[in-house]
Amino acid sequence: MLYQEWGSRPLGGRAVVWTRTAGAGPQRVLPDGCTDVIWSDGGLAGALFVAGPDTRAHLAQGPPGTRWIGLRFAPGTGPAVLGVPAYELRDQRVPLAALWPGAEVRRLAERLAEEAARSADPGRGVVPGGGAVPGGGAVPGRGGGGRSGGPARALEAVALERLRRAEPPDPAVGAVLAGLSRGRSVAEVAAAVGLGQRQLHRRSLAAFGYGPKTLARVLRLNRALEAARAGTAFAEVAASAGYADQAHLAREVKALTGVPLGRLLA
């Protein structure tokens, strides 16, 4: 299964774009606190759906050759784009039309299919000798994602416009995410942002899809996996990521991903 991702320039640190082409078996998608809007190229105009923040690994599967293009929002960003609190999407895969007006979703799906076709056709929308017709597709090999660049840019444009129209973000969300990402305790984070732990829990549910303790576990898992993939010894990974010991690391990895750490890295 081929997977690529790159940062979204229009959305800055609020999102990344990714593409995946299905192989013969399922792909284990690990919890990361993020919410994704995903387009699949199956069907006449493809399908648009939302993947909510997961508390456990999700096995993604499709017919070999199926291509997905997604916009993954950083923790706390998705609700402003989608218009619903994150907890309503926790561990869910739902059609985008369940959240947005059906006509709007149909127009977006048709636009994505058209952009995908244009990006895949080198002669379509391209000025002879190089460059692109204004409003036309990207020159193959230029711009992030190659033949996925057109649909990705369309997703980015829609998300950016929705963010512009959204209410100002909860000022505590960024501070909560930063504190938990650094391994601070929930009590420390609550005190730093001036919230009681119950208030922090309620606001975390709306922004991230789960409470601060679960978010802290998910963020700690991702810190540990990043270190382990860099070749750090498991005992050192456990200590640096904030686990009590290597056995604690092993239990948490198995609980959140469904497989042992060694298998996950293989």
Side-chain angles (χ1 to χ4, degrees), residues 1-23 27 29 32 34-52 58 60-74 77-78 80-83 89 93-127 130-166:
M1 185 173 288
L2 178 63
Y3 176 85
Q4 294 179 306
E5 71 173 48
W6 60 94
S8 169
R9 287 186 180 179
L11 294 166
R14 294 175 292 183
V16 298
V17 180
W18 59 267
T19 69
R20 177 179 287 124
T21 303
Q27 172 73 22
V29 180
D32 56 9
C34 299
T35 304
D36 299 56
V37 174
I38 303 169
W39 178 72
S40 165
D41 66 2
L44 186 62
L48 276 161
F49 63 99
V50 174
H58 171 80
Q61 191 166 6
T66 300
R67 185 167 57 114
W68 295 280
I69 300 172
L71 195 56
R72 176 173 299 123
F73 299 105
T77 303
V81 177
L82 299 170
L89 302 171
R93 304 296 185 269
V94 300
L96 185 58
L99 307 178
W100 294 359
E104 180 181 351
V105 174
R106 284 193 298 274
R107 288 193 298 271
L108 177 58
E110 291 167 359
R111 178 182 173 188
L112 293 170
E114 174 63 21
E115 291 288 352
R118 182 181 292 120
S119 298
D121 184 351
R124 198 172 175 192
V126 178
V127 177
V133 175
V139 178
R142 295 186 189 177
R147 65 189 291 256
S148 302
R153 286 190 293 274
L155 284 175
E156 289 172 312
V158 170
L160 187 60
E161 179 56 30
R162 282 190 157 257
L163 283 170
R164 286 173 176 157
R165 300 201 309 260

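The chain is numbered in sequence order, starting from 1.
Annotation: the span from Thr19 atom OG1 to Glu5 atom CD amounts to 9.5 Å, rounded to 0.5 Å. Taking CG of Leu108 as the start and CH2 of Trp39 as the end, the distance is 10.0 Å to the nearest 0.5 Å. Atoms CG and CG, from Leu82 and Asp36 in turn, are 10.0 Å apart once rounded to the nearest 0.5 Å. To the nearest 0.5 Å, atom CZ of residue Phe73 and atom CG of residue Leu71 are 4.0 Å apart. Once rounded to the nearest 0.5 Å, the distance linking NE2 of His58 with CZ of Arg93 reads 4.0 Å. To the nearest 0.5 Å, the span separating CG on Leu155 from OG on Ser8 amounts to 10.0 Å.
Considering every non-hydrogen atom in both Gly13 and Ala74, the closest pair reads O-CB, 3.8 Å. Closest non-hydrogen pair, Ile38 versus Ala51, comes out as CD1-CB, 4.0 Å. Closest approach of Gly52 and Thr35 over heavy atoms only: CA-CG2, 4.4 Å. Scanning all heavy atoms of the two residues, the minimum distance from Leu112 to Pro151 falls at CD2-O, 3.2 Å. Heavy atoms only, all atoms of each residue included: Trp68 and Gly62 are closest at CH2-N, 3.8 Å. Thr21 and Arg67 get closest at one heavy-atom pair: OG1-CG, 4.2 Å.
No more than 12 heavy atoms of other residues, nucleotides or ligands sit less than 6.0 Å from atom CZ of Arg9.
Note on Arg118 versus Glu115: salt bridge recorded, some NZ/NE/NH1/NH2 to OD/OE distance being below 4.0 Å. Ion pairing of Glu110 with Arg106 is absent here, as no side-chain N (NZ or NE/NH1/NH2) approaches a carboxylate O to less than 4.0 Å.
Judged by distance alone, the side chain of Asp32 and the main-chain N or O of Cys34 form a donor-acceptor pair under 3.5 Å.
Considering only heavy atoms from C-beta on, Val158 comes within 4.5 Å of Arg111 through its side chain.
Qualifying side chain to side chain donor-acceptor pair (under 3.5 Å) partners for Trp100, counting only residues two or more places apart in sequence or in other chains: none.
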